[in-house]
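Here the structure is laid out as structure tokens; the discussion comes afterwards.
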Amino acid sequence: MKLALIGYGNVGRALAVLLRRKKSAFPFEITGVHTARHGTAVSRHCLPLEPKFGPPAPSVEAFLDSAHADVAVELTTLNPVTGQPAIDHIRAAFSRRLHVVTANKGPIAHAYSELRDEARRHKLMFRFEATVMDGAPVFNQVRNNLPGVTVLGFTGVLNSTSKIVIETMEQCGTFDDGLDAARRMGIAEADASYDVEGWDSAAKTAALANVLMDARTNPQAIPTRGITRLTPQRVHELNRSGKTVRLVSRAKRTAKGVSLRVRAEVLDQAGLLASVHGTSNLLLLHTDLMGTIGTVSISPAVEQTAYGVFIDLVDIFRAIKRLQIALPPMKRHVE
Ligand SMILES: NC(=O)c1ccc[n+]([C@@H]2O[C@H](COP(=O)([O-])OP(=O)(O)OC[C@H]3O[C@@H](n4cnc5c(N)ncnc54)[C@H](OP(=O)(O)O)[C@@H]3O)[C@@H](O)[C@H]2O)c1
């Protein structure tokens, strides 16, 4: 199965390393890589880990036309305010009959239902497991393991940078020391204000609500209050009374629709939501048939994000094999 990568930063490179490790069992080949500043590389055969980039293709459309791929993998920088240009990249891939996998939550937070319908119209697969909790099962958990379940709501602690900032302040550092630490760990978004102002959490909340609760929302519509007003003094004061702070995403199905919010909440240090530290994340799904069921990811790194993308690729690969779809153009069409 041939892959065209749009974006080759931390996640793209980690994915290329993972694919190389698992090549004998999963014959996936990266035949195209397109970036913003580094240029474009395409080959009929698998590109090396450090491809020789030529000048950038004039457009994503031109890149996809030249990459001879079955699947487009969208791994460009998050824009939590608009989801663009990733939404257009995905549309360009669908219109060329390519399946799509993305780790970019922007399109899922802003345009999930439209993109899902577009994929269905073209009989293509559209997967995004890595967007919220890296490789930990969230969307696949519901799709594959919870048939018949209605998700009534969720509670999540989903942003790592804010936890690093809070924990740095608890250890007597400043807010900016915490941001620097998150940047050094490579976990802060390109613009770290997206993390601490709550945009990243709002985007994840919108993505979860759109996919699991058909909320048809976007991050701007979610009341969001980040941790920017938190000071070391306040954090120490809370610690003395056994409390701490986490940026918490909450969703609830109500008679009027889906109610969503993201807020820095004061929590008991001994409570479940406060028990995730550093880059660890936690999501609780509140359901009609399974009560509350949780997923915890302990200290995921970029390799686990790459694994989330890999899971989706394997899903598509198996679906293509299962349906024994003939060579182009039919092989790309999967219900
Ligand atoms: N890093 C993580 O742990 C993690 C976890 C979960 C989800 N994600 C999501 O995964 C995505 C990729 O993350 P990352 O850490 O790999 O980002 P990154 O290191 O900043 O890399 C982004 C890549 O996208 C390229 N790019 C940006 N705009 C582009 C455009 N308009 N057209 C073509 N290429 C473009 C960049 O090109 P240049 O190389 O030329 O600059 C770069 O190669 C993001 O959406 C992020 O939110 C990341």
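Values reported hereafter were calculated over all heavy atoms of this structure, with side chains retained and with hydrogens, waters and symmetry mates removed. We count ligands from 1, going down the list as the structure has it; atoms in each ligand are counted the same way.
For the ligand labelled ligand 1, residue Ile187 lies outside the 4.0 Å heavy-atom shell. For Lys105, the closest heavy-atom approach to ligand 1 falls below 4.0 Å.
Taking the six-membered ring for Trp and thresholds of 30 and 60 degrees, Phe53 and His38 have ring planes inclined between 30 and 60 degrees apart. Between Tyr112 and Phe126, the angle of the ring planes stays under 30°, which puts this pair in the parallel group of the 30/60° scheme.
Counting only non-hydrogen atoms, the option in Asn104, Leu75, Thr76 that gets closest to atom 44 (C) of ligand 1 is Thr76. Across the listed options Thr77, Thr305, Asp200, Thr77 owns the non-hydrogen atom lying nearest to atom 20 (O) of ligand 1. The option from Phe53, Tyr8, Phe128 that lies nearest to atom 43 (O) of ligand 1, judged by heavy atoms, is Tyr8. Comparing heavy-atom distances from atom 8 (N) of ligand 1 across Gly7, Ala103, Ala306 singles out Ala103 as nearest. By heavy-atom distance, the residue among Met185, Gln304, His89 lying nearest atom 32 (N) of ligand 1 is His89.
Interface of Leu78 with ligand 1, defined as ligand atoms under 4.0 Å from a residue heavy atom, comprises 44 (C), 45 (O), 47 (O). Of all the atoms in ligand 1, the ones that sit under 4.0 Å from a non-hydrogen atom of Asp134 are 5 (C), 6 (C).
For atom 38 (P) of ligand 1, the nearest non-hydrogen atom of the protein is His38 ND1, 3.4 Å. Of the protein's non-hydrogen atoms, Pro85 CG, 3.6 Å is the one closest to atom 31 (N) of ligand 1. In this structure, atom 48 (C) of ligand 1 lies nearest to the protein heavy atom Val11 CG2, 3.6 Å. Ranking protein heavy atoms by distance to atom 21 (O) of ligand 1, first place goes to Gly9 CA, 3.3 Å.
A distance-only check finds no donor-acceptor pair linking the side chain of Asp315 to the backbone of Ile311 [under 3.5 Å]. Judged by distance alone, with hydrogens and angles left aside, the side-chain atoms of Asp312 form a donor-acceptor pair with the main-chain N or O of Glu129 at under 3.5 Å. In terms of modelled atom types and a separation under 3.5 Å, the side chain of Thr102 and the main chain of Glu74 share a donor-acceptor contact.
Between Ser160 and Asn281 the shortest heavy-atom distance is OG-OD1, 3.9 Å. Contact between Met125 and His99 at its shortest, heavy atoms only, is N-ND1, 2.9 Å. Among all heavy-atom pairs drawn from Ser249 and Leu158, the shortest one is OG-CD1, 4.0 Å.
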Any chance you could lay out the side chain to side chain contact (heavy atoms under 4.5 Å, CB included) test for Leu208 and Thr205, step after step, and finish with the verdict? CA-CA 5 Å; Leu208 286 166; Thr205 306; 5.8 Å; no
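Taking any N or O of Arg37, backbone or side chain, at least one lies under 3.5 Å from an N or O belonging to ligand 1. The N/O atoms of Ala36, backbone and side chain alike, include one that comes under 3.5 Å of an N/O atom in ligand 1. No N or O atom of Ala130 sits closer than 3.5 Å to an N or O atom of ligand 1. For ligand 1, one of its N or O atoms has an N or O atom of Asn10 under 3.5 Å away.
Between the side chains of Asp191 and Ser193, at least one donor N or O sits under 3.5 Å from an acceptor N or O.
Counting only heavy atoms, the protein never gets under 4.0 Å from atom 17 (O) of ligand 1.
Within the 4.5 Å cutoff, side-chain heavy atoms of Val11 are placed close to those of Val302.
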